[in-house]
2 protein chains.
Amino acid sequence: MITIRDVAREAGVSIATVSRVFNNAEAVATDTRREVRAVATRLGYSPHGTARSLITRRTATIGLILPDLYGEFFSELIRGVDHAVRAQGYHLLVSSSHADRAEVDSAMALMRGRVDGLVVMLPERQQAQVPLVSGRLPLVRLGGAPHNGDADAIVVANRDGARAMVRHLVSLGHTRIGVIAGADANSDADERMSGVRDGLEDAGLGEDALLRVAGDFSEASGFRAAREMLRADPRPTAIFALNDAMAIGALSALRAEGVNVPADIAVAGFDDIPMAQFLDPPLTTVRVDISAMGARAATRVLSHLGNGPSGSGVEIVPTTLMVRRSCGNPGAWSPTIPESLA
Amino acid sequence: MITIRDVAREAGVSIATVSRVFNNAEAVATDTRREVRAVATRLGYSPHGTARSLITRRTATIGLILPDLYGEFFSELIRGVDHAVRAQGYHLLVSSSHADRAEVDSAMALMRGRVDGLVVMLPERQQAQVPLVSGRLPLVRLGGAPHNGDADAIVVANRDGARAMVRHLVSLGHTRIGVIAGADANSDADERMSGVRDGLEDAGLGEDALLRVAGDFSEASGFRAAREMLRADPRPTAIFALNDAMAIGALSALRAEGVNVPADIAVAGFDDIPMAQFLDPPLTTVRVDISAMGARAATRVLSHLGNGPSGSGVEIVPTTLMVRRSCGNPGAWSPTIPESLA
DNA sequence: TTGTAGGCGTTATCAT
DNA sequence: ATGATAACGCCTACAA
């Protein structure tokens, strides 16, 4: 390994001078600077990040802790975080597949001394537990519902999104709506269900307008739920699955039964994954800009590190209603801004 | 910040003893060890990664440099790398959005002293250029075609996969096959096109069996290409798009023209993205296990670091032919192993 | 079994 | 403008 010493010796200067060249270059005479740079390049020297971090007390790295990496959701998320973080000259340390709270805590411990701040997304069902404690590291929690102990958090407007979707369906004339609910103790699912009830209430519709069937966010559960709804009386004219995987399952079930979508039954989803826009049967979804959400979380952490404007508290990421206008024409989606819910 | 000193003082031992407790714990008396652990927990101490790295000369981190993070491809890739890397107790430092070679080189320089090894995927069109040089860091290149200067690389069996698909289509009775080609100077696209010609040659079919239309790997280009093919004479009975995005575009075009898939025209793709399996019109694809590819790259790097069995050179990741057996039944895919191509 | 001390590569402080 | 030197937090011979 070639160190700052080698460069100093070769250039006939002290290591302090070499260091200055690589940091505040102005403080060095032009000739010296040029010579040092030349030697450094010739020797293939570049500063040692770890050693530098030790003395400067900053790693220029943000840690990202995720429950999993499956599907496009996380790639979008990482993309957003990566983008925001790199814009400020930071690196991104990713740690994933943490199924429970103990693993998250150990991942956080492992990151001590390696990162300047943390973005943490907890596994489902672990949201409402003991608050995250990160010592003196800035930490931003991502996803789920807002809860006590959140100093900083970025969450999705699950409730507003579901409410907007129900209002949209009602405005199309649907008065009997099948909702495929999510897993128990899943805060996203709970929030979305609350939004559904809000929407029905807004429209002045009663309990009989809602046909609720349980699901578990899997494609298969959506398939089963939709099949069950077809046998209901009265049969719904619209199906709203509380995530996209279930919506896809529902579409398969409807086609298997020869139901025309959306002429006979409209299908709507809640966008965990951008994939839905490629589906062939028209699917209206509540769209969440995952990438933007990741970027916001990163920006928040960076703000605590003195980069950019400061801020704190819980921030809610808005959702957008996406309606497919035409079929058979790739990319022909147009966004519809949700009606104001004030 | 709470350091090893604090723990030592509080526990009434030397810092050497505390250090030993956290490393080779056996060399410490049971009582001492227990006391130290207790104090450390009470104080919330955990070793400082950076400082430890400096002296041990290992960061326990693998760097992953990617051209982009868009779509499910990269999330699958990261998942594979992360999995392999964590299994050996390593961290993952991700750096992305490197559009050209200069950015890749600078990302590599920035990672010096922060990682023990590198997995690098070059941007398209940059594959055949100057070899990557990483100093003494183990480096594994990912994707594209094998080329000179590759000490270690993991590449996809693009050619074999495309060949297998053509043989499959021919075996179904197709003698006129439309191929939607990929972007110029894209080594993946080139390799796949070669495979197509191999397959036709295997089947003893001549040039007139092939209808080649250019695309650029985008959904829109697949849409246009398929529409063009419908007007060809003789019209193909099967369309093979050299990536999935184009295959999806082709499906849209066929439906817009009222063509029945696969009864009138069969459609096949090449799987960059797992998404394809959720599509409604049956789509046969050459499937690449991206996640496994990432894991292999990571494993290779780790092997140079002394973890696991050693190995080097170019490794080719096989592909699998995926045929949809039935419609309307989610998850009803079954893999077909490609015929031996020896 | 435990403590002492030197050093990992760099930056910051204080001289010159 | 430049140089000598003490940290940064930790690990590891070597000594006790």
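Please read these numbers as outputs of a predicted model, since none were measured by experiment. Every chain is numbered from 1, with letters handed out A, B, ... down the list of sequences.
- Qualifying side-chain hydrogen bond (donor to acceptor under 3.5 Å, both in side chains) partners for B:Thr299, counting only residues two or more places apart in sequence or in other chains: none.
- One finds no side-chain N or O of A:Thr3 lying less than 4.0 angstrom from the OP1 or OP2 phosphate oxygen of C:dC8.
- Cation-pi check for B:Arg58 over B:Tyr90 is met; the charged atom lies under 6.0 angstrom from the ring centroid and within 45 degrees of its normal.
- Side chains of B:Asn307 and B:Ser303: no donor on one and acceptor on the other come within 3.5 Å.
- For D:dT12, the OP1/OP2 oxygens have no side-chain nitrogen or oxygen of B:Arg52 closer than 4.0 Å.
- Taking only side-chain nitrogens and oxygens, B:Thr32 comes nearer than 4.0 Å to OP1 or OP2 of C:dT2.
- Rounded to an integer number of Å, the gap from CZ of B:Phe22 to P of D:dG9 is 16 Å.
- A straight line from CG of A:Asp6 to C1' of C:dT10 spans 13 Å, rounded to a whole angstrom.
- Proximity of B:Arg112 to the phosphate of C:dT10: a side-chain N or O atom is located under 4.0 Å from OP1 or OP2.
- Side-chain proximity of A:Ile55 to the nucleotides C:dT11, C:dA12, C:dG3 is greatest for C:dT11.
- If you measure from atom CD1 of B:Ile2 to atom C1' of D:dC8, you get 16 Å, rounded to the nearest angstrom.
- Checking A:His304 against A:Asp152 by side-chain atom types alone, a donor-acceptor pair falls below 3.5 Å.
- Side-chain atoms of A:Ala51 lie closest to C:dT10 of the nucleotides D:dT2, C:dT10, C:dG7.
- Across the protein-nucleic acid pair, A:Arg20 atom CZ and C:dA15 atom C1' stand 11 Å apart, rounded to whole Å.
- Checking C:dC8, C:dT10, D:dC10 against every side-chain atom of B:Leu54, the shortest atom distance belongs to C:dC8.
- Distance from the side chain of A:Thr17 is smallest for D:dG3 among the nucleotides D:dC8, D:dA13, D:dG3.
- The base of C:dG9 has none of its N or O atoms less than 3.5 Å from a complementary donor or acceptor on the side chain of B:Arg57.
- At a threshold of 4.0 angstrom between heavy atoms, the contacts of A:Tyr45 are confined to the sugar-phosphate backbone, with no base atom among them.
- For C:dT11, one of the phosphate oxygens OP1 or OP2 lies less than 4.0 angstrom from a side-chain nitrogen or oxygen of A:Ser19.
- Annotation: B:Phe74 is not in aromatic contact with A:Phe74 [ring centroid separation under 6.0 Å not met].
- In this structure, the CE atom of B:Met1 is 10 Å from the C1' atom of D:dC8, given to the nearest Å.
- To the nearest angstrom, C1' of C:dT11 lies 13 Å from CZ of A:Arg58.
- Here C:dT1 presents its C1' atom at 12 Å from CG of B:Asp31, a figure rounded to the nearest Å.
- Here B:Ala29 lies in heavy-atom contact (under 4.0 Å) with sugar-phosphate atoms only.
- The distance from atom CD1 of A:Ile15 to atom P of D:dA7 is 15 Å, rounded to the nearest whole Å.
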